Peer 1: 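Before we start, here is the structure in question, set down as structure tokens.
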Amino acid sequence: KNNPTGNVGKTAQNIMYAFHRMMKQAKRDGRIQSIPLFPEKEEYDLQETDFDFLWEEDQLDVINSIPIPDRYPLLWLKFHFRRPSEACALYKTDYNPFKDEFTVKRSISARQLWNRTKTKAIHYIPCDDNFKEIACKLINENPDSPFMFVNPRARNEGKRYTVESLRNIWKKARKDLEIGLYEGTKHSSCTQYINEKDGTDSELQMLTDHARMDSVRKYRKVGTDKKRRLMRKPRLVDKSYYKTNTKK
């Protein structure tokens, strides 16, 4: 409570959430009769941790400076608003060329491949038009590996990328850039969608499959340019408002 902002505040919130779930399970198991009252989030004045991001032009400058095939998983992250661990775990069979969509149902955690995502949900993601040609190309390459993105330098089974290898590729691309892989891909693309592409919070929530709207609102880094475009949207205005009223 003495440090309500930043990572410390976020960690405290996560610990409280985990403890609350443990108590709920204990009640279901009959170990306790009731759940004690927990403090509300507002009482701790917890604030969403701020993050850095890139506008689309700068983001593409970084990604396009990366050699192929290392560029492919980063482009997938940029266009589909997903997590790096999900790109590393994506199979060729997870892309359906007839429906032109990805099924995201695996992830990497603690360097291990898991047959579930971070939220344990399965996500059906339309393939972005900018990535379709790449997807069709990759599912027909490297037949000895089941993975969509194959790292020619990898030593693991299937030669898949790891989150660490993607971080290193990103960092090597622009050593002067003090912004990480996650912020430079998912966070940046989500922020661009709201601010540069004039998407709404609700539309972004549908694209990312976030369960809570609060998780989406952090991307609303609205600047003057965005506000100006909003002000210029067509509106019905009563022209009589501009007339000068004079008393006779």
Side-chain angles (χ1 to χ4, degrees), residues 54 56 59-60 62-174 179-190 192-193 204-211 215:
L54 296 172
E56 186 167 49
Q59 182 192 40
L60 286 173
V62 177
I63 295 176
N64 289 333
S65 71
I66 296 171
I68 292 172
D70 295 340
R71 189 187 307 171
Y72 292 145
L74 299 174
L75 283 173
W76 187 80
L77 293 173
K78 184 265 182 297
F79 288 127
H80 299 98
F81 310 96
R82 303 310 308 173
R83 300 178 177 90
S85 61
E86 295 168 346
C88 297
L90 194 69
Y91 277 33
K92 293 184 178 76
T93 54
D94 293 333
Y95 174 63
N96 186 329
F98 301 103
K99 291 185 177 180
D100 198 23
E101 70 178 17
F102 296 98
T103 302
V104 178
K105 56 185 177 182
R106 302 179 185 86
S107 65
I108 304 294
S109 179
R111 301 187 178 183
Q112 297 293 319
L113 177 67
W114 296 88
N115 289 320
R116 64 173 184 268
T117 61
K118 179 181 178 181
T119 60
K120 298 183 175 63
I122 296 177
H123 306 280
Y124 299 97
I125 311 297
C127 179
D128 189 277
D129 291 341
N130 295 289
F131 198 83
K132 183 174 181 178
E133 184 178 346
I134 298 174
C136 292
K137 172 179 178 289
L138 292 179
I139 60 176
N140 293 300
E141 291 185 347
N142 302 297
D144 294 334
S145 174
F147 294 100
M148 174 71 75
F149 305 113
V150 176
N151 184 352
R153 302 171 301 279
R155 298 179 181 179
N156 56 51
E157 186 177 357
K159 299 182 77 68
R160 63 171 175 79
Y161 283 87
T162 64
V163 176
E164 291 77 12
S165 65
L166 290 182
R167 285 182 184 141
N168 290 334
I169 291 167
W170 176 268
K171 185 177 181 180
K172 185 178 178 181
R174 284 284 299 276
I179 182 170
L181 170 68
Y182 200 100
E183 292 78 11
T185 52
K186 183 182 179 183
H187 278 344
S188 292
S189 292
C190 290
Q192 293 159 18
Y193 186 80
L204 181 59
Q205 185 182 18
M206 286 188 285
L207 284 174
T208 59
D209 283 342
H210 276 101
S215 300

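None of the values given here were measured: they were computed from a predicted structure.
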Peer 1: Ignoring hydrogens, what is the shortest heavy-atom contact between Ala173 and Ser65? Give both atom names and the distance.
Peer 2: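 Heavy-atom minimum between the residues: CB-OG, 3.9 Å.
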Peer 1: Is the shortest heavy-atom distance from the side chain of Leu90 to the side chain of Arg106 under 4.5 Å?
Peer 2: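 No, side chains not in contact.
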Peer 1: Heavy-atom count check: over 12 atoms from other residues, nucleotides or ligands less than 6.0 Å from Lys105 NZ?
Peer 2: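 Open.
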Peer 1: For a quick test of reading the model, state the closest non-hydrogen atom pair linking Ile134 to Asn130 and the distance between them.
Peer 2: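 Minimum heavy-atom separation between Ile134 and Asn130: CD1-O, 4.4 Å.
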Peer 1: Give me the atom names and distance for the closest heavy-atom approach of Met148 to Ile139.
Peer 2: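 Distance-wise, the nearest heavy atoms are CE-CG2, 3.7 Å.
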Peer 1: Check whether Arg167 reaches the backbone of Leu181 with its side chain - one donor and one acceptor, N or O, closer than 3.5 Å.
Peer 2: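 No.
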Peer 1: For the pair Trp76 (side chain) and Ala135 (backbone), establish whether a donor and an acceptor sit closer than 3.5 Å, ignoring hydrogens and angles.
Peer 2: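 No, because the side chain of Trp76 does not come within donor-acceptor range (under 3.5 Å) of the backbone of Ala135.
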Peer 1: Between Lys92 (side chain) and Ser145 (backbone), is there a donor-acceptor pair under 3.5 Å?
Peer 2: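 It does hold such a pair.
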Peer 1: Working to the nearest 0.5 angstrom, can you tell me the gap between Leu75 CG and His80 NE2?
Peer 2: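 One finds 10.0 Å between CG of Leu75 and NE2 of His80.
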Peer 1: How long is the straight-line distance from NE2 of His123 back to CD of Glu86, given to the nearest 0.5 Å?
Peer 2: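 Glu86 atom CD to His123 atom NE2 measures 6.0 Å (nearest 0.5 Å).
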Peer 1: Crowded around Arg111 CZ? As in, over 12 foreign heavy atoms under 6.0 Å?
Peer 2: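 Atom CZ in Arg111 is not packed in, count stays at 12 or less.
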Peer 1: Please name the pair of heavy atoms, one in Pro152 and one in Val150, separated by the smallest distance, quoted to 0.1 Å.
Peer 2: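 Minimum heavy-atom contact is CD-O, 3.4 Å.
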Peer 1: Using a 4.5 Å cut-off on heavy atoms from C-beta on, say whether the side chain of Phe79 contacts that of Cys127.
Peer 2: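 Heavy-atom side-chain distance check fails, nothing below 4.5 Å.
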Peer 1: My understanding is that only residues two or more places apart in sequence, or in another chain, count here; which of them pass ring pair (Phe, Tyr, Trp, His ring centres under 6.0 Å) with Tyr182?
Peer 2: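 Residues passing ring pair (Phe, Tyr, Trp, His ring centres under 6.0 Å) with Tyr182: His187.
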Peer 1: Going from NZ on Lys132 to CG on Asp129, what distance comes out if it is rounded to the nearest 0.5 angstrom?
Peer 2: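 Here the rounded value is 7.5 Å.
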Peer 1: Within the 4.5 Å heavy-atom criterion, are Leu77 and Pro84 side-chain neighbours or not?
Peer 2: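 Yes, at least one pair of side-chain atoms sits under 4.5 Å.
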Peer 1: So if I apply the side chain to side chain contact (heavy atoms under 4.5 Å, CB included) rule between Arg83 and each of Thr119, Thr117, Val104, Val163, which one comes out positive?
Peer 2: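 Result for side chain to side chain contact (heavy atoms under 4.5 Å, CB included) with Arg83: Thr119.
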Peer 1: Measure the CG-CG distance between Leu166 and Asp70 for me, rounded to the nearest 0.5 Å.
Peer 2: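 Those atoms lie 8.0 Å apart.
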Peer 1: Do Ile108 and Leu113 have side chains that approach each other closer than 4.5 Å (heavy atoms only, starting at C-beta)?
Peer 2: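 Touching, per the 4.5 Å side-chain cut-off.
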Peer 1: Only counting residues at least two apart or in another chain, list the ones meeting side chain to side chain contact (heavy atoms under 4.5 Å, CB included) with Lys99.
Peer 2: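 Listed in chain order: Asn96, Glu101.
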Peer 1: Give, for atom CG of Asp100 and atom CG of Asp128, the distance between the pair rounded to the nearest 0.5 Å.
Peer 2: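 Nearest 0.5 Å value for the CG-CG distance: 9.5 Å.
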Peer 1: Ignoring hydrogens and geometry, is there a side-chain-to-backbone donor-acceptor pair from Ser107 to Arg116 under 3.5 Å?
Peer 2: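 Yes, Ser107 side chain to Arg116 backbone: donor-acceptor pair under 3.5 Å.
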Peer 1: Compare all side-chain heavy atoms of Tyr161 with those of Ile169 and state whether any distance is below 4.5 angstrom.
Peer 2: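 A side-chain contact exists here, since the closest heavy-atom pair is under 4.5 Å.
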Peer 1: Find the distance between CG (Asn168) and OG1 (Thr162) and round it off to the nearest 0.5 Å.
Peer 2: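 Output value for this atom pair is 7.5 Å.
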Peer 1: Measuring centre to centre across the rings, with the benzene-like ring taken for any Trp, is Tyr124 within less than 6.0 Å of Phe102?
Peer 2: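 No: the rings miss the under 6.0 Å criterion.
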Peer 1: Are Glu56 and Lys78 within salt-bridge range, i.e. N to O under 4.0 Å?
Peer 2: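 Yes, charged N to carboxylate O under 4.0 Å.
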Peer 1: Minimum heavy-atom separation for Ala154 to Lys159, with atom names?
Peer 2: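 Result for this residue pair: O-NZ, 2.7 Å.
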Peer 1: Quick check: closest heavy atoms across Thr185 and Gln59, and the distance to 0.1 Å?
Peer 2: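 Thr185 and Gln59 have their closest heavy atoms at O-NE2, 3.4 Å.
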